Structure formats: C-alpha cells, structure tokens
> 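Sharing a structure with you now.
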Amino acid sequence: MAIAPAAAPSSAVTAARQTETRTPPRYAWSPALKAEMAEMYERVRHVITPMEWPHYAPLIKSINELKKERNAVVLAHNYMTPEIFHCVADFRGDSLQLANEAARTDAEVIVQAGVHFMAETSKLLSPDKMVLIPDMRAGCSLAASITPEDVRMLREAYPGAPIVTYVNTSAAVKAECDITCTSSNAVKVVESLNAPRVICIPDQYLAKWVQSQTKVEVITWKGACEVHERFTGAELSRMRDDEPGLKIIAHPECPPDVIAVADFTGSTAKMINWVKDKRPPKVMLVTECSMASNVAVEVPDVDFIRPCNLCPHMKRISLEGIYESLVHLKHEVTVDPDVVDRARRAVERMVNLTN
Ligand code: 13P
Ligand code: SF4
C-alpha cells in the first residue's frame, strides 16, 4: 500500500462546549417535572447522575416539544453524550445510518447532533430540508487534513485510479472524488469499482485496514483521526493482562497495532451490534468515550472498561446548543453551489450501492 505526501497537520482543536448566554428552557425543574420525566430517567440513570438530571430534564422536555412545533428531527451520532443520544434523538447511528435517515425523513428541519461533515452530507441528500448544526465549530481532524487541490494532485499523480473519499471530508473534497464511503462500507465501495488500484482518502488507518481486507491496491493520504490515533496496541495489551477475559473491539480509524490486538474491528454501528450480539462479560470499545455510555444503557449486563478519549468536535454539541438551534433555527448548513451537484453524486453513488 502506498501513502501519498503528508497533508497539512490535523487540526487539534481543544474545545470546550459553548458557554455564551442561552435562551432559558421553557420549563423549570420542579417536583411535577421530576415525576413526569421519571420513566425517562429510569432508563438512563446508570449514565446520568441525579445531580445532572435537574439540569437536563427541563431542556429535554423543551426540545422534544419544540421539535414537534418545528416539524424537526434530531439525528444523533453514536458519539453524542447520553442525554442527547437517549433523550432527544429521533434517529441514532453511525455516519451511514444517519445519511440514510437524512435521505428518508419527511421532517422539514434536520438538527444534526454530530459534526459539520455529517450535516453537509444530510444537506446533500435532503437539499429541500433546512439542516441545522448547533455549533458550526464542530469539525473533524480528518476533514481538515485534505483540500480539493490535494485531491486534484492525487488524480494527476495516479492517472486512471478511482478516488474513494471517506465521508469525513468537506463537500468541496467530495466533489473531486468518484464515490464516498463510510467505515461501515469502505471495503465494499473499494471493490465495487473493479479497478486494480484505488485511492482511498484521507484516513491512512482506515485505508490500511481496507488494504488488509482486499486484494485491490490501496493508495492513501496522511490524514488521521485525532481521537483514534492516540490508542496504542501496547496499552491495550496491558489492559487485557490486567483484566483477564476482556474483549477489545476497535474502530478502523485506529492504527494497525491496535487493530492487531482487537477481537473485532468495525464501524461504530457494527461495534454496537457486536456487543449486543455477543454480550461479553467485559468489553472495551476502542473509540470515542461517550459510545460506551450509550451502549451501556441497552446492555446493563455488560461491564465496560472505558479508555476515555473524547472527540472535542463531537463534544461541541450540547442540549443547550440543540435547544438554541431549534429556537432560532440556527446554524443553517448550506453547500457551495459550485460543488453541490458533484458532491451529491459521490454520496448518492455510495448510498445506492449500499442500499
Ligand atoms: P462511524 O461511521 O463508524 O460512525 O464513524 C464516524 C466517525 O467520525 C468516527 O470517528
Ligand atoms: Fe473526526 Fe475523529 Fe472526531 Fe470522528 S472522532 S469526528 S473522525 S476527529
């Protein structure tokens, strides 16, 4: 497998959630609200403390009411925190599942509880809907690692090789590529092109993992996810020694030494399905930290050993931000008219292939 020249360094945004003045929720915490929301709390009480609930509950009730008034849906990625994931999301999933929901929904407004490239993908697939993201700064180190000019340079350097881009890129980058993929369908997409050599950008680790699953020659780029690249195989092996019987499952954005020690590798949705299906007594999800809390709600019998790497971009999204988004219909995500048709073609080609 070949790796193309280094991209601009990954952006390492170390961000806290927005703290500016917010619109107060419609409801205040009260004994009546506590009783009304007791059933919902019961479901999440293992992952949301009794101290946090009086803060979240008024926002949750306000958001759920406002969604109906606006004919809006919240699409939440698996990395959202549990109060978002379990209490206000209408659809939950990995990048592919959320893209499919965006294409299907009848709602007039989509609030993307995820990062900017996910909101752009929703807009590409649902051009007539209003797509909102609660915080425009929710980026991604992979999306920041490559530009449209870089893609044009790769096309020149490898004439005739089709270009597959991970959805974790801007619409402008997608517009330069033949088809998109997600971690859930990357191998299938690469093989669908019937080419001996395929360029797979921008994540060097996802590309290496794809290379390990296919005979197609994979050329890649030097991008990396700032969350997953921090894990090491050595640290995971030590944890397994400390916790006999521990199952380790990893996201394909992890480096190869991590994948080598993992019992299973797959997209966030595939990791969740693996845990629900196998029910290991002890498991470690080698991915963003919030996912373990979200799955724990559904499989209380499984003990999660949590390596806590947070994605600073995903963590920009909060209940306050979602509420604000619905109150003021902000921040609207649009796609540059110069790239929209070509970017949509690349995403639709993937959606049609995997459906
Ligand atoms: P999934 O498509 O597996 O959810 O991955 C998206 C992502 O950003 C992982 O870091
Ligand atoms: Fe991007 Fe990594 Fe965050 Fe996913 S976890 S959004 S790939 S930086």
Side-chain angles (χ1 to χ4, degrees), residues 7 9-15 17 75-81 85 89 91-102 112-122 133-146 164-170 173 180-189 201-207 209-210 221-231 249-255 258-259 262 264-275 285-292 294-295 307-317 347 350-351 354:
S10 302
S11 80
V13 183
T14 48
R17 285 170 160 168
L75 304 188
H77 186 261
N78 292 325
Y79 294 163
M80 290 296 104
T81 40
F85 192 83
F91 299 101
R92 308 162 186 86
D94 68 3
S95 309
L96 183 63
Q97 292 169 319
L98 296 184
N100 285 334
E101 287 305 336
Q112 196 82 37
V115 292
H116 190 265
F117 76 80
M118 294 177 178
E120 268 192 342
T121 306
S122 292
I133 188 158
D135 192 321
M136 276 289 190
R137 297 169 300 174
C140 169
S141 66
L142 282 168
S145 76
I146 192 157
V164 177
T165 178
Y166 198 23
V167 283
N168 300 38
T169 46
S170 66
V173 163
T180 63
C181 74
T182 71
S183 54
S184 155
N185 59 23
V187 177
K188 185 171 179 172
V189 168
I201 58 165
D203 184 357
Q204 57 180 304
Y205 298 126
L206 178 73
W209 178 73
V210 171
W221 188 248
K222 262 263 184 239
C225 161
E226 67 191 81
V227 176
H228 293 92
E229 72 176 343
R230 298 216 305 268
F231 295 107
I249 62 175
H251 194 275
E253 288 171 13
C254 293
V258 169
I259 289 175
F264 173 76
T265 300
S267 74
T268 55
K270 288 186 178 174
M271 293 169 85
I272 294 170
N273 287 343
W274 192 92
V275 175
L285 308 184
V286 188
T287 191
E288 212 269 353
C289 184
S290 293
M291 202 167 94
N294 292 334
V295 198
C308 232
N309 283 356
L310 289 169
C311 171
H313 311 288
M314 293 279 182
K315 271 22 312 173
R316 294 262 189 200
I317 310 301
V347 179
M350 168 192 78
V351 169
T354 47

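Keep in mind that this is a model prediction, so the values were computed, not measured. No hydrogens, no waters, no symmetry mates; every other heavy atom, side chains included, goes into these values. As the structure lists them, so they are numbered: ligands from 1, and atoms in each ligand from 1.
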> Can you list the atoms of ligand 2 that are under 4.0 Å from a heavy atom of Glu253?
2 (Fe), 7 (S)

> Can you check which of His251, Met118, His228 brings a heavy atom nearest to atom 5 (O) of ligand 1?
His251

> What protein heavy atom lies closest to atom 2 (O) of ligand 1? Include the residue and the distance to one decimal.
Ser95 OG, 2.8 Å

> Do Thr182 and ligand 1 have an N or O pair less than 3.5 Å apart?
no

> Work out whether the distance between some heavy atom of Met271 and some atom of ligand 1 is less than 4.0 Å.
no

> Can you find a non-hydrogen atom of Asn168 under 4.0 Å from ligand 1?
yes

> Just wondering, do Gln204 and Pro255 contact through their side chains at under 4.5 Å, heavy atoms?
no

> Give a yes/no on ligand 1: does Ser184 have at least one heavy atom closer than 4.0 angstrom to it?
no

> Please enumerate all residues that pass side chain to side chain donor-acceptor pair (under 3.5 Å) together with Thr165, with sequence neighbours excluded.
Thr169

> For Asn78, is at least one N or O under 3.5 Å away from an N or O on ligand 1?
no

> Determine whether Glu229 and Tyr205 make a side-chain contact, defined as any pair of heavy atoms from C-beta on separated by less than 4.5 Å.
yes

> Quick one, Val164 and Ile201 - any side-chain contact, counting heavy atoms below 4.5 Å?
no

> Taking the side chain as everything from C-beta on, heavy atoms only, tell me whether Thr287 gets closer than 4.5 Å to Tyr79.
yes

> Polar-atom distance check: Asp94 versus ligand 1, any N or O pair below 3.5 Å?
no

> Where do Cys225 and Cys140 land on the disulfide (SG to SG under 2.5 Å) test, with the steps shown first?
CA-CA 8 Å; Cys225 161; Cys140 169; over 6 Å; no

> So is His77 touching ligand 1 or not, going by heavy atoms under 4.0 Å?
yes

> Heavy atoms, side chains only, cut-off 4.5 Å: are Lys270 and His251 in contact?
no

> Counting from 1, what ligand 1 atoms have a heavy atom of Ser183 closer than 4.0 Å?
1 (P), 2 (O), 3 (O)

> Between the side chains of Tyr166 and Ser95, is a donor N or O closer than 3.5 angstrom to an acceptor N or O?
no

> Do ligand 1 and Ser267 have nitrogen or oxygen atoms that lie under 3.5 Å from each other?
no

> I'd like to verify the contacts: list protein N, O or S atoms under a distance of 2.8 Å from atom 3 (Fe) of ligand 2.
Cys311 SG

> So, does Asn78 use its side chain to make a donor-acceptor pair with the main chain of Met291 at under 3.5 Å?
no

> With a 4.5 Å cut-off on side-chain heavy atoms, are Ser170 and Glu120 touching?
yes

> If only side-chain N and O atoms count, and only distance matters, is there a donor-acceptor pair under 3.5 Å linking Asp94 with Thr268?
no

> Show the atoms of ligand 1 that are less than 4.0 angstrom away from any heavy atom in Glu253.
7 (C), 9 (C), 10 (O)

> Would a 4.5 Å heavy-atom cut-off, applied to side chains only, mark Phe85 and His77 as touching?
no

